[in-house]
Protein chains: 2
Amino acid sequence: MRAGAGTELVRDGDEPGAYANVMSGVVKLTKTLEDGRRQVVGLQFAPDFLGRLYGTENRLGAEAASDVELCRMPRAALEKLVENNPPLENRLMRQALRELDEAREWIVMLGRKSAAEKVASFLYLVATQSRPGGVQQGRAEFRLPLNRTDIADFLGLTIETVSRQLSLLKAEGIVEMDKLRDVVVPDLDLLREKCG
Amino acid sequence: MRAGAGTELVRDGDEPGAYANVMSGVVKLTKTLEDGRRQVVGLQFAPDFLGRLYGTENRLGAEAASDVELCRMPRAALEKLVENNPPLENRLMRQALRELDEAREWIVMLGRKSAAEKVASFLYLVATQSRPGGVQQGRAEFRLPLNRTDIADFLGLTIETVSRQLSLLKAEGIVEMDKLRDVVVPDLDLLREKCG
DNA sequence: CGGGTGCTTGAGTTTGCTCAACGGGCGTGG
DNA sequence: CCACGCCCGTTGAGCAAACTCAAGCACCCG
């Protein structure tokens with residue numbers, strides 16, 4: 001299955017119909033408060049598994065951040081498979097633990113870092129997570145999988161603050177950007193230092 | 001094994017020597033940035049499992065928030081046990097997934113809620129998680145498992161801000177407090193509304 | 001060429017932080 | 001027993017970081 005950027009894959013509150021594997025692209029996981037405040041709570045890069053095992057209701061929404069390819073499988077089938085296949089359960093367990101580590105890393109970032117550090121951390125995350133563009137001897141080129149609104153919702157900031165901090169990083173020569181989305185980081189270590 | 005409030009149970013960066021079950025009390029999980037900024041990334045209430053399966057190094061510190069009783073078991077023994085005991089692995093998997101849900105809930109809180117909402121959310125969390133004091137028809141009495149510094153580090157605030165927000169909640173009659181730690185919430189719904 | 005969307009930039013405001021003083025509870029020592 | 005100091009929490013005043021509101025720009029598409 002393929003989905004274009006922006007497609008809503010899972011709606012918060014729905015009953016989970018299927019699980020999926022992310023084959024390519026980036027999926028963002030979101031939560032929204034009653035009054036509309038939104039927060040991106042996770043990003044899934046290929047080849048992550050998508051879906052909450054054992055849940056009876058989705059507690060978050062999922063949306064294609066970029067164009068994505070998914071490999072979907074029905075709920076019942078996967079749960080059956082997991083039950084009779086300890087190695088698979090083990091693999092999923094390890095992913096869950098890794099996601100928990102990442103979530104806690106993100107909690108530190110949200111709780112204790114400044115806006116500048118948050119933006120730097122986000123760029124660093126994307127630079128190191130998404131191979132496609134390529135990383136070589138400290139230089140990274142990649143395409144942002146999120147627009148400014150999503151970045152802001154990921155970092156717990158406003159889009160204006162994100163924009164300003166990106167401009168500052170550009171002015172300092174730590175990142176270079178063409179056309180809003182394509183990023184070059186000449187020296188990852190320099191960026192790393194901005195992460196706090 | 002017993003440990004008094006404040007005891008350091010696991011040091012960040014150490015090799016994990018043992019796993020444990022929290023039998024009573026509350027354990028706080030913390031992360032610290034190089035410059036000393038600290039963030040509490042999770043609270044474990046009884047009967048949670050403590051320890052990162054499959055990790056070769058602890059990525060966080062653990063400290064007794066209150067007096068705790070732990071049931072420790074050596075690393076190798078538990079891993080062996082898990083390997084030959086799918087139901088146990090399943091149980092741990094479910095806890096990991098639950099912790100992930102909680103971590104994401106917390107991400108929303110840190111990213112998008114005001115100081116007042118954060119403090120209310122914290123009180124609500126403790127009121128509903130810790131049975132001991134007792135919850136009856138919307139009224140809750142309990143003892144805070146964390147001092148002001150830890151609450152601040154949990155919420156991503158300063159202790160002054162936490163203190164001010166608590167004073168405001170007291171002034172509004174939403175919570176009553178004696179002796180700094182003992183809390184009465186006459187109407188949980190009122191508190192719930194403050195959570196955003 | 002006009003309108004729309006997404007991003008940037010500026011000006012003023014608000015929220016939460018910093019720094020500082022103060023107060024209560026408690027243990028220690030006179 | 002009281003005096004003192006310490007720890008922890010509270011409160012106040014001023015400040016800084018990030019938000020809000022508003023204007024303007026670049027790009028895309030019809």
Side-chain angles (χ1 to χ4, degrees), chain A residues 4-6 28 33 35-40 63 65-66 109-123 143-172 175-183 194 196, chain B residues 4-6 28 33 35-40 63 65-66 109-123 143-172 175-183 194 196:
Chain A
K28 60 187 191 232
L33 297 176
D35 63 5
R37 280 177 287 178
R38 211 172 72 104
Q39 176 74 36
V40 174
E63 205 172 306
S66 62
M109 205 229 37
L110 287 169
R112 287 300 178 206
K113 292 193 184 176
S114 69
E117 291 168 336
K118 286 180 181 180
V119 172
S121 300
F122 170 72
L123 291 175
R143 166 167 275 258
L144 291 181
L146 269 49
N147 64 23
R148 298 292 187 273
T149 302
D150 288 335
I151 296 175
D153 285 342
F154 192 34
L155 300 175
L157 299 171
T158 60
I159 62 172
E160 294 95 330
T161 300
V162 171
S163 183
R164 279 184 246 272
Q165 295 301 334
L166 282 174
S167 297
L168 282 177
L169 286 173
K170 271 188 278 185
E172 292 178 283
V175 305
E176 297 155 22
M177 293 182 63
D178 314 344
K179 294 174 68 258
L180 301 178
R181 290 291 195 104
D182 294 312
V183 181
K194 292 277 168 185
Chain B
K28 60 186 192 232
L33 296 176
D35 62 6
R37 280 177 288 179
R38 210 172 75 104
Q39 176 73 36
V40 174
E63 205 172 307
S66 61
M109 205 230 37
L110 288 169
R112 288 299 178 206
K113 292 193 184 176
S114 69
E117 290 168 336
K118 286 181 180 180
V119 172
S121 299
F122 170 71
L123 290 176
R143 166 166 275 259
L144 290 181
L146 269 49
N147 63 22
R148 298 293 187 271
T149 302
D150 287 336
I151 296 175
D153 285 342
F154 192 34
L155 299 174
L157 299 171
T158 59
I159 62 173
E160 293 96 330
T161 300
V162 170
S163 183
R164 279 185 246 273
Q165 295 302 333
L166 282 174
S167 297
L168 282 177
L169 286 173
K170 271 188 279 186
E172 291 178 284
V175 305
E176 296 155 23
M177 293 182 62
D178 314 344
K179 292 174 69 258
L180 300 178
R181 290 291 194 102
D182 294 312
V183 181
K194 291 278 169 186

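Each chain gets a letter, A, B and so on, in the order its sequence line appears, and its residues count up from 1.
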**Study point:** Inter-residue atom distance A:Arg143.CZ - A:Arg181.CZ, 0.5 Å rounding
**Key:**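 One gets 6.5 Å once the value is rounded to the nearest 0.5 Å.
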Review point. To the nearest 0.5 Å, what is the distance between CG (B:Leu146) and CG (B:Asp153)?
Key: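 One gets 9.0 Å once the value is rounded to the nearest 0.5 Å.
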[X] [atom1] - [N] [atom2] separation (whole Å):
X: B:Ile159; N: C:dC17; atom1: CD1; atom2: P; answer: 11 Å
X: B:Leu169; N: D:dT10; atom1: CG; atom2: C1'; answer: 15 Å
X: B:Arg112; N: C:dT15; atom1: CZ; atom2: P; answer: 16 Å
X: B:Arg181; N: C:dC26; atom1: CZ; atom2: C1'; answer: 15 Å
X: A:Asp178; N: D:dA26; atom1: CG; atom2: C1'; answer: 14 Å
X: B:Arg37; N: C:dT18; atom1: CZ; atom2: P; answer: 10 Å
X: B:Leu144; N: D:dC8; atom1: CG; atom2: P; answer: 15 Å
X: A:Asn147; N: D:dC27; atom1: CG; atom2: P; answer: 18 Å

Using only atom types and a distance under 3.5 Å, with no angle test, would you say the side chain of [X] pairs donor to acceptor with the backbone of [Y]?
X: B:Gln39; Y: B:Phe154; result: yes
X: A:Lys194; Y: A:Ala120; result: no
X: A:Ser121; Y: A:Glu117; result: yes
X: A:Arg37; Y: B:Arg112; result: yes

Check your understanding: Taking C-beta and beyond as the side chain, do A:Leu168 and A:Val119 meet within less than 4.5 Å on heavy atoms?
Key ->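 Sidechains of A:Val119 and A:Leu168: no contact.
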Could you list all N or O pairs between the protein and nucleotides 28-30 of chain D that sit under 3.5 Å apart?
none

Minimum-distance nucleotide (side-chain atoms of [X] versus [options]):
X: B:Leu157; options: D:dG9, C:dC17, C:dT18; answer: C:dC17
X: A:Arg164; options: C:dG10, D:dT10, D:dA18; answer: C:dG10
X: B:Glu160; options: C:dT8, C:dT9, C:dA20; answer: C:dA20
X: B:Leu180; options: D:dG12, D:dG9, C:dT8; answer: D:dG9

Is [X] near enough to [N] that one of its side-chain N or O atoms lies under 4.0 angstrom from OP1 or OP2?
X: B:Thr158; N: C:dC17; value: yes
X: A:Thr149; N: C:dG6; value: no
X: B:Thr161; N: C:dG16; value: no

Check your understanding: Start at the 5' end of DNA chain C and walk down; is the nucleotide closest to A:Lys170 or to B:Ala115 reached first?
Key ->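 The residue closer to the strand's 5' end, by nearest nucleotide, is A:Lys170.
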